[in-house]
Structure formats: structure tokens, C-alpha cells
Undergrad: 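Attaching a single structure in C-alpha cells format; questions to follow.
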Amino acid sequence: MRWKSLCRCSGWGAETGTFINLDMEEYKDLDLTIDVFTAILDRDEFLTYRAGIVLQAYLPDARGRLADLTEWAQERRKRGGAPIKVRLVKGANLAMELVDAAIHGWELTVEPSKVATDANYMAVLSDALTPERLDSVNIGVAGMNLYSLAYALTLMEDRGIGLDGRVDVEMLAGMATPQSRAVRDSIGPLLYYVPVVRPTEYDVAVAYLVRRLEENSAPANFMSNVFDLDKSEVRRHEAECFKAAAELMESGELHFGPNRLQDRHTPATIAEGFANAPDTDPALMANIAWAEEIAGRMKESTLGTNVVDVISTPEEIEDVLARVKKAQVKWAKKSGKERAAVLRAIGQGFENHRGELIEVAGSEAGKLFDQGDVEVSEATDFALYYASLAEELDDLDGATYKPVQTTLVTPPWNFPMAIPAGGALAALAAGSGVLFKPAYLTRRTGALLAKIMWEAGVPKDLLALIDLDRVHSSSLGEQLVREADQVILTGSIETAERFRSWRPDLRLFAETSGKNAIIVTPQADMDLAVRDVVTSAFGHAGQKCSASSLVILVGSAGFSKRFQRQLVDSVRSMKLGYPWDLSTQMGPCVEEPRGKLLSGLTQLGAGERWIIKPERLGDRLWSPGVRTGVKPGSEYHLTEYFGPILGIMRADTLEEAVEWQNAVEFGLTAGIHSLDTDEIGYWLENVHAGNVYINRTITGAIVRRQPFGGWKRSSVGAGTKAGGPNYLIGLGHVEPDFSGELPKQVHIASDVLRKSRSVASTMSFIDQDRYVRVIRGMDAAREAEFSQVHDPSQLGVEKNCFRYLPATGVIIRLSENGNLGDLLAVAAGALSVGCQPQISSAVSLSRQVAEFLGSVPVTIESDAAFEQYMSGHRTTADGLRVRLLGGDAASLANAVQGSVDVAIYSEPLTASGRVELLPFVFEQAVSATNHRFGNPTKLLEGVL
């Protein structure tokens, strides 16, 4: 509609000489642009208008698209229509196409090499430059490669075609000006391609020119050698490149046709090992048709109904628990490899039912198609990744893994597919039976997930789908929490506190709340910053625990009219609606806003004002809101609202911005936009969050690539990051395995651990063999895992670094029945990974141990005195970790009244360093954009 209006308003046509050309850069725009172009020009009112469109020769699709356009244009000419023009370029978006393919796991859209691109360019020219076709489709020979231009001119001369208006030669203004002049002097007038912008927005043009310079300076590009053509070796190299392209074109081996052939009508086949499941490519016509079919069913969908009976009595709960426990005994006897085979079948089941899952989540939770699609991918990823981790449990070095019988999985409604699946799959992979209780608002989606898992081979008694009667849900839910062996919760911190109030010693693995902010400094790319802030704030109507409800603008960025204008334009231009309309960009809330969220949508704090005031538009549907003037320490600064609201803060310095970002009691996600290496380095050293993002969105964590889980009150219990390498370890128990012979020479790389061995050797009451096994396991794990930064995805265009940082707030407690040698080993392990723990011991330390610990704070106190101390320190947003050696974990849990701020690690000491060092490190996933417009950048060198 906008292009049609532009055509009319511009006075476009032969009478005025106005010519409109549709350009495109991204592959995803190819079919859409052609469809719009032909649809508009097919109208009778535009029949005599001549217009142009670009085709990119680095796309193997180009010849087919030219053939389609030519056939259409010839028919239009028969109706008395004007010719069209195709501007043929080699393509200026290669780098970003590489990024797109790498991030999404899609096939690369472009030709595999520069030689193949040049060959395809010549092939398209050969197709286009014939007299009969030029009558309908004029050609713009566009490019800077003099060899390719010479080929076109030679071809025209051989075919009797002149530069008579049906063909022109186009070059980039400002690029290789002497060569452009030489071409002009040889053949006549050139058409220069140049961006035209308002003087006040000239930085946009600079950004465009920089991208062109970066693209043209790529080593394989002709332009990288254009100023050295007077050198014989350079000319010989370019001639050889041209010859290779010509030979490839004539060989019949050049590939034509699209590289991407994904068609969701046929389910994808999962990888044999682990690979992230590709999302649905929305650029492909087959996938668009598939999505339209799903959207057409979504509004009236009844998927997931009548799958399970509602539970109404305590006796029914007891019956379910008994059945799950019985089934778990058989399941636990399976090896990790056998369990993994079932999980992989589940992953294939999710792929087979991708469309149905998207349908029910859209119908029930208001999930937009794109948001639902990535959730199915994530669920598949969980199945495949936890399958691989289950196999590793069979060979846990230095310990034997023992599953628990029952795990209650109680997920949220905002991610009704990925999070429920992730929790259930983790428990199954760990050998546990599952009490699977989806959120009430998304119980149909949960029911379909359960059905798929049953069909894949999980016994119904092992995975019990639970739907509680609403009248008695509170008491029945409490019964489940009290009687399950452990609980996997994703929800609010208040829910975690309620669970622990019911049962203080509950084994709880909870990912809870988040109040997340993105910092934007004056050194940021403001265009990209606005895009990522808006996406992070309003994806799924802001109903993500990782969503950015704050943006903190630093220094002059806080007064940038450009940032504010683009932010306002971006938010106001969002298409609001429901998921069965595929054009919707922000959908409804899952439930009608109330409480904190309703207050956040309707009330302002002192000094705040609306830049964009949110409004209720329909059933659960609100327009997004943006408020400014948010003050540090205010209610909005510190409160999680969980909806479509963004607040703006202004800080004088980066240091102040980081202080405000860290001031909240949560530490789930955090982001920064800056192109300054020093700023990024400072931020990385000081930000307190489990998932941190640099120059990108702060939502959309991907399994293994960005394991997910927070710090402070964003995480409860002794667990680790979901979708990360250690997640299954905490979901079971470990028993020591000190069997097997030690080598005669045991090398310990860590100075701290090696010194502790020397200290232990002086004390006869320490079992030396056992001690060496423990620290040997720690040393091996420290070297291989905990001292390393891991990026298993190796995308290149994005750095995804999983790293371990020394934990703070750690207490090592040796109880009255504890072993002093164990205390020495565990303390040495903590120190070896940089942790500075406190020591509390009921046993007096020997002189050697005291000297080894040096400045480490040590308190000698009874179990009762320690519990009293912990009772007085049980509340701290930064959290406390207690590694308990001996003693009574339940008694300690009761002493701290089940505080969600206290994590107790009480498993017996083993020789598995992978297990033993986890209490002393924080896991952090760092994801950083590692390119500028697809081209390599040195921004992160020395920082990450």
C-alpha cells in the first residue's frame, strides 16, 4: 500500500520522467519484493509505467527469478504495458547472509564462492542480454569489476546490442573514481548509484558507505585490488579469477536454484548427535503456506483437551505418586544411553508435531507464530542435549550417580512449550519419575507435550500429567510439593518462597524473577541499540523473565533526539493483534493484567512521564508503554512487572549505569550496547547477572549456546543453568567411588591443590589415598572445565562464552561428625578456582591446616551455634552457599526457615571434581555480536 501511494504521489510515469526502482538486500525480502513489484505494475493504472527492480547474482535463485520476471513482463507488454528494468548486481549483503545462516542453522542462501558468484552473474547476463528479451526487460549492468563489465559489453557487441537505453552501465559513486571515469570515457554516460539523505541524517549515509567499503575491501573482491591493477601480478590474478568463473559457467556444473528448501509440511529429521534445531525460515513460500494453515486453525483450536482427568482429592495425589515411584524403579535401571534413546525419540516427536504445538500455544497463550516456533526448536534442543548429558552420567569420574524417585515439574505459562519440556526432559534424563504439572493457563499445551512424550516411549506412569481441580488446587499443590523428592520450578520468587514455607528442606531447583536492563552508551550504534531494546522489551508482550523493562542511557545518549525518535517510531509502528493474524508483531498478555502489572501499565512514579502511554485495546491486548524519568531506587526501577512496559533511566557515567543495573535483587539477564572495547571490558568485570549480552537482544537464550539461569534471587537452590553442561548433575544424588588403582605418579597442576597435598601428607589421621583421589579429581576438572571459557557452538559471527567465575558468599561447614581432611580438600578446591570462602568448623584445626588456610576467615563453633548464626544471616539478595561436610542438612534448612537465599550442598565428598567444585563457581553465559554488518570486528579482542 505504501509503495502504491508513493507511485501515485511521485507523479511517476513517462510524463514526468520519474523512475522508481525497488532495491533489496536481504534474501528474506526477495519473493516479497518481486510479488509487490509485479502486483502493483499489473494494475491498469500503472500499465504504462516503467519501473525497476534489483536482482543479486550471488543468489543461485537469480536466473529463475529473471526468467519469471521476463515471462511476466512479456505478457505485460502484450497488454500494451511499458518495459521494466532489472538492475543486475552481484550482491552487497553477503556478510549478513552468512550471519543469518549461522545464527539460525539454515543453509547459506548465496553461491559458495566468489568464483561461483561471478559465474552466475555472467550466466544471468547471458540470459538477459538478447534483443527479444530486452524489449520487455531492460538491464542495468551494475558493478565495479571491470572484467565482468567487459564481458557484458563484449556479449552485447557479439549480439548486436548497443547502449541505446535498453541497457545501461551503473557504478557506485565514490568508489574507484579513476576507474569509473575510464569506463565513462570508453563507453559514454554512466549511471551512478548514491544514497541521498537529509543533511541532519547524514550519519545514515556514512553508515551505508562504510558497509560498502567493508564489502568492497573483502580480499576476494575485485575492489580490494583496484588500485594495484598497474601491477602485472595483480592483473594476472584477476584475469585468472575471471577465467575460472567463465569456465565454471560453461561447464554445466554451476548450481542454479535456491539453496534453502525447507518445507515444514515435511517434518525435519533430528540430528544424530547434538545440533540446535533450525527455526522455520519465514522467507520460503512453502513455510508461509504452512504458517497460514496453522493460523487458520488457531483461534478455534481445541488441541490438548480431554487428555487427562482432573485430580480433586488427596487420595488421587497419593495414587499418582505411587504409580510414578513404581515406574521409576524400572526407568532408573536403564543406562544413560538407553534413556537418551527415548529422549531423542521425543525430540523427533516435537519436530513431527511442530505445527500443532504452535497452534495450541497461540490459541491458549497468545503466542505469536515466530515466538511459538522458536519454542518448539528449544524443546527439541532440550531433548537432544539432555540425551547427550544422560549418556555422560554413566561415566561420572570418581562418583556414582543415583537418580531420585520423583521430580515435580511446575513450569510457567509464558513459555508453555520449551520450559515445561525442558524440566520434564531433564528429570527423565536424570533417571527420575516426573510429576508434570503445567500452568493452569496453558494446561492444553502441556497436555499435548505430555501426549507427544508418551507416544515417543515414555510410560504414562513414569510421566504423570497432573491437572488439579481449581477449587482445591492450593491444598493439592502443597501436598505435591511436600511429597515429591524434588521440585523444578520456573516462576516468581514469591512462589519459591511459598514452596519453601511448606517444606524448608525442599530440594528446589528454581529459575525465578528478573528485572533486567540494557545499558546504551554514547559509543553505541544507535540504530541497532533501538532495534534490540524494542525486541527485548516487547517480544511476547514483555512476558519473558529475560525481558528488558529498563534501558539506561549513559551521558549524551540520554539526550539523543535520534535515539528517542527512533525508539518512539519503532514502538508506535508495531502491529498489535492476535496470533492468528500473521502480520501481528506484538500479541496479547496471557491473562488480563492485574496487580503489579496493571499498576505498571496505568500509574507513574514521581518525576516519571509517558512517552508512549499504554492503552487497553481488547481482550488481554494492551499497546506497549514507554515511560521516562525513572529514578534510581524507585518502584519502577526495582520491580518486575512482566508485561509490555519499558522505562528509561539516564546515568551520567557508565559506572553509575552499572551500579543501577546491579541494584535490583535479581540477576537474570543484562545487556550493553557499546562499540568501545574498554567500556565493554569494564561492564563484563562488574555486571552481576547469569546471562549477559553485548550488542544484541537480551532474550532468546538457546540450549547449549547460551545456557540459561541467573544469579542472586533469580535462582534458588543448589542447581545450575538449564541447557548447560552441569544441569543434570544436581538433579540426582552422588555416591563416592574411590575404586581403581591410582597411577604411581600423580601430577597435580594447581599450586593450591599441590600444596594441600603436602599439608595432608603430614597428618597421619588423613586417609592419604582417599585425599589424593579427591584433589586429583578436582585438579582434572579445574583444568578441563572450570578454568576454561567454552564456546561449543563456534558460530564466529557471535561469541557465546560459557565461563565460571569465583562464587561469593560461600561458607564451608565442617560439622561435629566431619572429617578434617575433607575440610582441607574442599577448602583447597574452593581456593583453586579463585573462591574466597569462610570456614566454619566444629572441629579444631590442626596447626598445618590453619597455616595452609592463611587469611581465610575461620570460626570454630558447634553445630547449634552455626545454625544460630545462619538463622541470623538467612536473608541476603546476593545469596549464601553452604558446603556442608557431615551434619544434618534438614536441620540447617529448618534453621534458616527454608530461605530462598541459602543454597545447601550436602552430598558426601567424592572424587569427582566436576561435582565438588560446582558450589564454588558462578556460571555465566556471555553472548556477544562479533561482527559489524557481517564483517569481522576486533571489538572483543582481549575482552572475551
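Throughout, residue positions are numbered sequentially from 1 according to the sequence presented. Predicted, not measured: the structure shown is a model, and the values here were computed from it.
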Undergrad: Spell out, as yes or no, whether a donor-acceptor pair under 3.5 Å connects the side chain of Asp863 to the backbone of Gly887.
TA: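 Answer holds: no.
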
Undergrad: State whether Tyr636 and Lys631 meet the cation-pi test: NZ (Lys) or CZ (Arg) under 6.0 Å from the six-membered ring centroid, and within 45° of the perpendicular axis.
TA: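 Because its charged atom misses either the 6.0 Å distance or the 45° angle limit, Lys631 does not stack over Tyr636.
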
Undergrad: Less than 4.5 Å apart, side chain to side chain, heavy atoms only: is that true for Thr876 and Leu880?
TA: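 A side-chain contact under 4.5 Å exists here.
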
Undergrad: Regarding Arg627 and Glu608, does a basic nitrogen lie under 4.0 Å from an acidic carboxylate oxygen?
TA: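 Answer for the salt bridge query: yes.
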
Undergrad: Using the test ring pair (Phe, Tyr, Trp, His ring centres under 6.0 Å), find all partners of Tyr401 that sit at least two apart in sequence or belong to another chain.
TA: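 Counting only residues at least two positions away or on another chain, Tyr401 forms no ring pair (Phe, Tyr, Trp, His ring centres under 6.0 Å).
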
Undergrad: Do the non-hydrogen side-chain atoms of His790 and Arg704 ever get within less than 4.5 Å of each other?
TA: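 Answer no - side chains too far apart.
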
Undergrad: Can you list everything that forms a salt bridge (charged side-chain N to carboxylate O under 4.0 Å, His left out) with Glu591? Sequence neighbours excluded, please.
TA: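 Checked Glu591 against salt bridge (charged side-chain N to carboxylate O under 4.0 Å, His left out); matches are Arg594.
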
Undergrad: Does the side chain of Tyr641 reach to within under 4.5 Å of the side chain of Ser549, using non-hydrogen atoms?
TA: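 The answer is no; the side chains never approach within 4.5 Å.
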
Undergrad: Assess the side chains of Arg782 and Ser787: does a donor N or O sit below 3.5 Å from an acceptor N or O?
TA: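 No, no side-chain donor-acceptor pair sits under 3.5 Å.
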
Undergrad: With heavy-atom distances below 4.5 Å as the criterion, would you say the side chains of Leu684 and Ile694 are in contact?
TA: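 SC-SC contact between Leu684 and Ile694 confirmed.
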
Undergrad: Cut-off 3.5 Å, side chains only: do Asn800 and Ser927 have a donor facing an acceptor?
TA: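 Yes, Ser927 and Asn800 have a side-chain donor paired with an acceptor closer than 3.5 Å.
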
Undergrad: List the steps, then state whether side-chain contact (heavy atoms from CB on, under 4.5 Å) holds for Ile672 with Gln661.
TA: CA-CA 10 Å; Ile672 188 172; Gln661 193 175 42; over 6 Å; no

Undergrad: Any heavy-atom pair between the side chains of Leu917 and Tyr804 that's under 4.5 Å?
TA: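 Sidechains of Leu917 and Tyr804: no contact.
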
Undergrad: Would you indicate whether the side-chain heavy atoms of Leu831 and Gln836 approach each other to under 4.5 Å?
TA: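 Yes, close enough: below the 4.5 Å cut-off.
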
Undergrad: Is any side-chain heavy atom of Phe415 less than 4.5 Å from a side-chain heavy atom of Lys544?
TA: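 Phe415 reaches Lys544 side chain to side chain.
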
Undergrad: Quick check against the 3.5 Å criterion: does Asn691 have a side-chain atom that pairs as donor or acceptor with the backbone of Pro707?
TA: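 Checking the backbone N and O of Pro707 against the side chain of Asn691, a donor-acceptor pair under 3.5 Å is found.
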
Undergrad: Where do Glu816 and Ala842 come nearest, in terms of heavy atoms and distance?
TA: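 That would be CG-CB, 3.4 Å.
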
Undergrad: Is the backbone N or O of Ser513 less than 3.5 Å from a side-chain atom of Glu640, with the two atoms forming a donor-acceptor pair by type?
TA: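 No, Glu640 side chain to Ser513 backbone: no donor-acceptor pair under 3.5 Å.
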
Undergrad: Compare every heavy atom of Ser714 with every heavy atom of Phe666, then report the nearest pair and how far apart it is.
TA: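 For Phe666 and Ser714, the tightest heavy-atom pair comes out as CB-OG, 3.2 Å.
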
Undergrad: Would you sort out whether Arg883 and Glu916 count as a salt bridge (Lys or Arg N to Asp or Glu O under 4.0 Å), showing the intermediate values?
TA: CA-CA 9 Å; Arg883 177 59 172 110; Glu916 296 305 327; 3.0 Å; yes

Undergrad: Judged by modelled atom types alone, do Arg650 and Thr628 share a side-chain donor-acceptor pair under 3.5 Å?
TA: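 Present: a donor and an acceptor within the cut-off.
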
Undergrad: With the side chain counted from C-beta on, respond yes when Thr407 and Phe509 share a heavy-atom pair under 4.5 Å apart, and no when they do not.
TA: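 SC-SC contact between Thr407 and Phe509 ruled out.
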
Undergrad: Any ion pair linking Asp901 and Arg713 (charged N to carboxylate O, less than 4.0 Å)?
TA: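 Yes, Arg713 and Asp901 are salt-bridged.
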
Undergrad: Could you verify whether a donor N or O on one side chain and an acceptor N or O on the other, from Thr859 and Gln838, lie under 3.5 Å apart?
TA: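 Side-chain D/A pair, Thr859 to Gln838: absent.
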
